[in-house]
Participant: 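My questions all concern the structure below.
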Number of protein chains: 2
Amino acid sequence: MARAVKRSSDGGDARRERWRAHREARREEFVDATIRALTKHGPDVGMDEIAAEAGVTKPVLYRHFADKSDLYLAVGQRGTDLLMNRLKPALVDEGTPYERIYRAVDSYLATIEEFPELYHFVVRRSFTDKPVETDIATEDKRIIANTLARLLGDYLRAFDMDSGGAEPWAHAAVGMVQAAGDWWLERQSMTRQSLSDYLTKIIWFAVDGLLRSGGIAIDPQVPLSLQPNPPLRLVEPDTQGEDGDDRRARG
Amino acid sequence: MARAVKRSSDGGDARRERWRAHREARREEFVDATIRALTKHGPDVGMDEIAAEAGVTKPVLYRHFADKSDLYLAVGQRGTDLLMNRLKPALVDEGTPYERIYRAVDSYLATIEEFPELYHFVVRRSFTDKPVETDIATEDKRIIANTLARLLGDYLRAFDMDSGGAEPWAHAAVGMVQAAGDWWLERQSMTRQSLSDYLTKIIWFAVDGLLRSGGIAIDPQVPLSLQPNPPLRLVEPDTQGEDGDDRRARG
DNA sequence: GAGTTACCGTTACTTCCGGTAACACTAATC
DNA sequence: GATTAGTGTTACCGGAAGTAACGGTAACTC
């Protein structure tokens, strides 16, 4: 694949960009169809059914996705984007500690409430024969937990406390919210607000206890002034290179 | 085929019991073979390979397990038993609140540390084509969380507090430990004891905060005298009947 | 307008694997 | 010897993932 382009000065690859954008759009279109097929036929959809839902036949699907897991990953990525776009402002925006925790928790719950099929598809890994190693939900949790760990670690260090507990703490918090959300989504025996409140309290208690054990006491109702540096970001620093294309239409 | 049994008074079905025990033993033998095959061939083992590992061919396997998910469930059950047998004493035995939390958390972590392949098999649901609806890990978490919810709810009610938060709290706690354990198992960057300590602290802070917000303050280093009634048990009240065999060796 | 590129789309196939049918043998009980 | 409840085999079925091979079309270059 190395430099197979004929390099016809610069006119030749004018198409390239167009095609690339087209492929991208087509993939998204298939992801949409997959989600539709998923809600229609349940989690055991076959590739034929997905293709039919998209109005094409199987080989077309396979031109855009290497195999079923690839499609699965793309569907998961859709969910990830959805969630991250909501979680990010909740975490980075200013406010009192209590508010920030609440916003984060509640925006998560709101997201899974709004897209329950997508959520279930991602967490129960129904579908996909082989992959295993690339699990969307685990990966997402890892990303969010890392972000939280940095956030909390910065605060702990700012208070001259041992920051070693930040990482397990972050993973614990993420797992906690996920598990509680899963339970809540299944049998909605309380309002979302109540659950968000409970979870926020629990998280706050844990943070507060951690700080108190280091001799620090802060007021959950007073905004913290500490600015994490460098600024917080949710995405992994993997797909860096040149990503000037992070502007995308969002319906 | 109705009433093909000759009902030879009562001597006839003396065999029955023997066969039943035999079948039971055979199933366990196959579960062992599955676990061996699993660690040998990775999570994508085929039924042929499992059968070969057990020294037989496929149809024999299918005499004892309805399908692949059935086998999967049996393997999962093995893990569940293992875990529950360790968790139960940790939860029911006496001690200070801190001790009890610590024991429960640490015995969980010890278990997954000792059987990492089994753990991974159960949580990443690699394997199994269709089932989905019967997920071991989720079920286990539900059972443990229900037990915890009852435990905490009893305490809350004993203190005349609102016990509505017990259930989400319990699911949150379970998810927390599981997520932290998962993270720890993957990259063991701290000792088990450290993690158990951190988690115990977090859980205790959450409990303490919950109680304090209700005006109650208890000392984590002083045993609680409240005896849950009826006595705590971890298993679901499904396979009841006659279970006189709850006396079991504990290594 | 011929050639090239990079898609669109189809039908018909292969492969793999979970699961089954059919058949033969053995040990215990009555 | 009949019956029951197992042991085990080889050879097959069926469904779904994935592929081969074929033909069509729009855009751009020369």
Side-chain angles (χ1 to χ4, degrees), chain A residues 1 4-27 29-30 33-34 37 41-73 126-131, chain B residues 1-27 29-30 33-34 37 41-52 54-73 126-132:
Chain A
M1 186 191 294
V5 183
K6 289 251 190 63
R7 291 204 64 253
S8 52
S9 62
D10 54 23
D13 45 308
R15 290 164 290 193
R16 297 272 284 229
E17 195 50 34
R18 274 249 295 281
W19 278 126
R20 219 178 59 82
H22 177 62
R23 282 189 67 98
E24 203 74 10
R26 207 78 208 285
R27 268 178 78 100
E29 178 188 321
F30 284 134
T34 305
H41 299 103
D44 295 353
V45 224
M47 292 298 264
D48 281 306
E49 292 167 305
I50 294 172
E53 182 68 39
V56 296
T57 50
K58 238 187 329 175
V60 180
L61 211 52
Y62 278 99
R63 290 235 179 75
H64 296 271
F65 299 92
D67 54 11
K68 205 175 183 182
S69 346
D70 192 19
L71 179 55
Y72 161 76
L73 284 176
S126 43
F127 206 53
T128 188
D129 287 314
K130 303 159 200 163
Chain B
M1 186 187 290
R3 197 52 59 125
V5 181
K6 289 258 191 56
R7 288 204 64 255
S8 50
S9 63
D10 55 23
D13 45 307
R15 291 164 290 194
R16 299 270 283 233
E17 196 48 35
R18 275 249 295 281
W19 279 126
R20 219 179 57 83
H22 178 61
R23 281 189 68 98
E24 204 73 10
R26 207 78 208 285
R27 268 177 78 101
E29 177 189 322
F30 284 135
T34 307
H41 299 103
D44 294 353
V45 223
M47 291 300 264
D48 282 306
E49 290 166 308
I50 293 173
V56 296
T57 50
K58 242 192 317 178
V60 181
L61 211 50
Y62 278 98
R63 290 236 180 76
H64 296 271
F65 299 93
D67 54 11
K68 204 175 184 182
S69 346
D70 192 18
L71 179 55
Y72 161 76
L73 284 177
S126 41
F127 207 51
T128 190
D129 287 312
K130 301 156 198 165
V132 180

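Proteins come first, then strands; the chains are lettered A, B, ... in the order of their sequence lines, and each starts at number 1. Computed over heavy atoms, backbone and side chain alike; hydrogens, waters and symmetry mates excluded.
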Participant: Taking atom types as they are modelled, would you say the side chain of Arg26(B) forms a donor-acceptor pair with the base of dG6(D) within the 3.5 Å cutoff?
Facilitator: no
Participant: Would you indicate whether the side-chain heavy atoms of Phe30(A) and Val60(A) approach each other to under 4.5 Å?
Facilitator: yes
Participant: To the side chain of Tyr62(A), which of dA17(D), dT20(C), dG9(C) is closest?
Facilitator: dA17(D)
Participant: Rounded off to whole Å, could you give me the NE2-to-P distance for the His41(B) and dC16(C) pair?
Facilitator: 16 Å
Participant: So, taking the atom named CG in Leu61(A) and the one named CZ in Arg27(A), what distance separates them when rounded to the nearest 0.5 Å?
Facilitator: 10.0 Å
Participant: Could you state the interatomic distance from OG1 (Thr34(B)) to CD (Glu29(B)), rounded to the nearest 0.5 Å?
Facilitator: 10.5 Å
Participant: Could you tell me the separation between the CG atom of Leu71(A) and the P atom of dG18(D), rounded to a whole number of Å?
Facilitator: 10 Å
Participant: Can you see if the side chain of His64(B) gets near the phosphate of dG6(D) - specifically, an N or O under 4.0 Å from OP1 or OP2?
Facilitator: no
Participant: CG of Asp48(B) versus P of dA11(D): gap in Å, rounded?
Facilitator: 14 Å
Participant: OP1 or OP2 of dG8(D) sitting under 4.0 Å from any side-chain N/O of Thr57(B)?
Facilitator: no
Participant: Can you check the His22(B) NE2 to dA5(D) P distance for me, whole Å?
Facilitator: 14 Å
Participant: Test your reading of the model: is there a side-chain donor-acceptor pair from Arg23(A) to the backbone of His64(A), 3.5 Å cut-off?
Facilitator: no
Participant: In whole Å, what is the span from the CD1 atom of Ile50(A) to the C1' atom of dA16(D)?
Facilitator: 12 Å
Participant: If you apply the rule side-chain contact (heavy atoms from CB on, under 4.5 Å), what do you find for Val45(A) with Glu53(A), and how did you get there?
Facilitator: CA-CA 11 Å; Val45(A) 224; Glu53(A) 182 68 39; over 6 Å; no
Participant: Any donor-acceptor pair under 3.5 Å joining the side chain of Arg63(A) to the base of dG9(C)?
Facilitator: yes
Participant: Output the rounded distance in Å from CZ (Phe65(A)) to C1' (dA16(D)).
Facilitator: 19 Å
Participant: Leu61(A) CG to dC8(C) P: how many Å, rounded?
Facilitator: 11 Å
Participant: Quickly work out the Glu24(B) CD to dA5(D) C1' distance and round it to whole Å.
Facilitator: 16 Å
Participant: If you round to the nearest 0.5 Å, how far is CE of Met47(A) from OG1 of Thr57(A)?
Facilitator: 12.0 Å
Participant: List the atom of Ile50(A), the atom of Ala33(A), and the distance in Å for their closest heavy-atom pair.
Facilitator: O-CB, 4.4 Å
Participant: With a 3.5 Å cut-off and just heavy-atom distances, do the side chain of Lys58(B) and the base of dG19(C) make a donor-acceptor pair?
Facilitator: yes
Participant: Five pairs per end, C1' atoms only: what is the angle between the end axes of the helix from dG1(C)-dC30(D) to dC30(C)-dG1(D), to 10 degrees?
Facilitator: 10°
Participant: Start at the 5' end of DNA chain D and walk down; is the nucleotide closest to Pro59(A) or to Val56(B) reached first?
Facilitator: Val56(B)
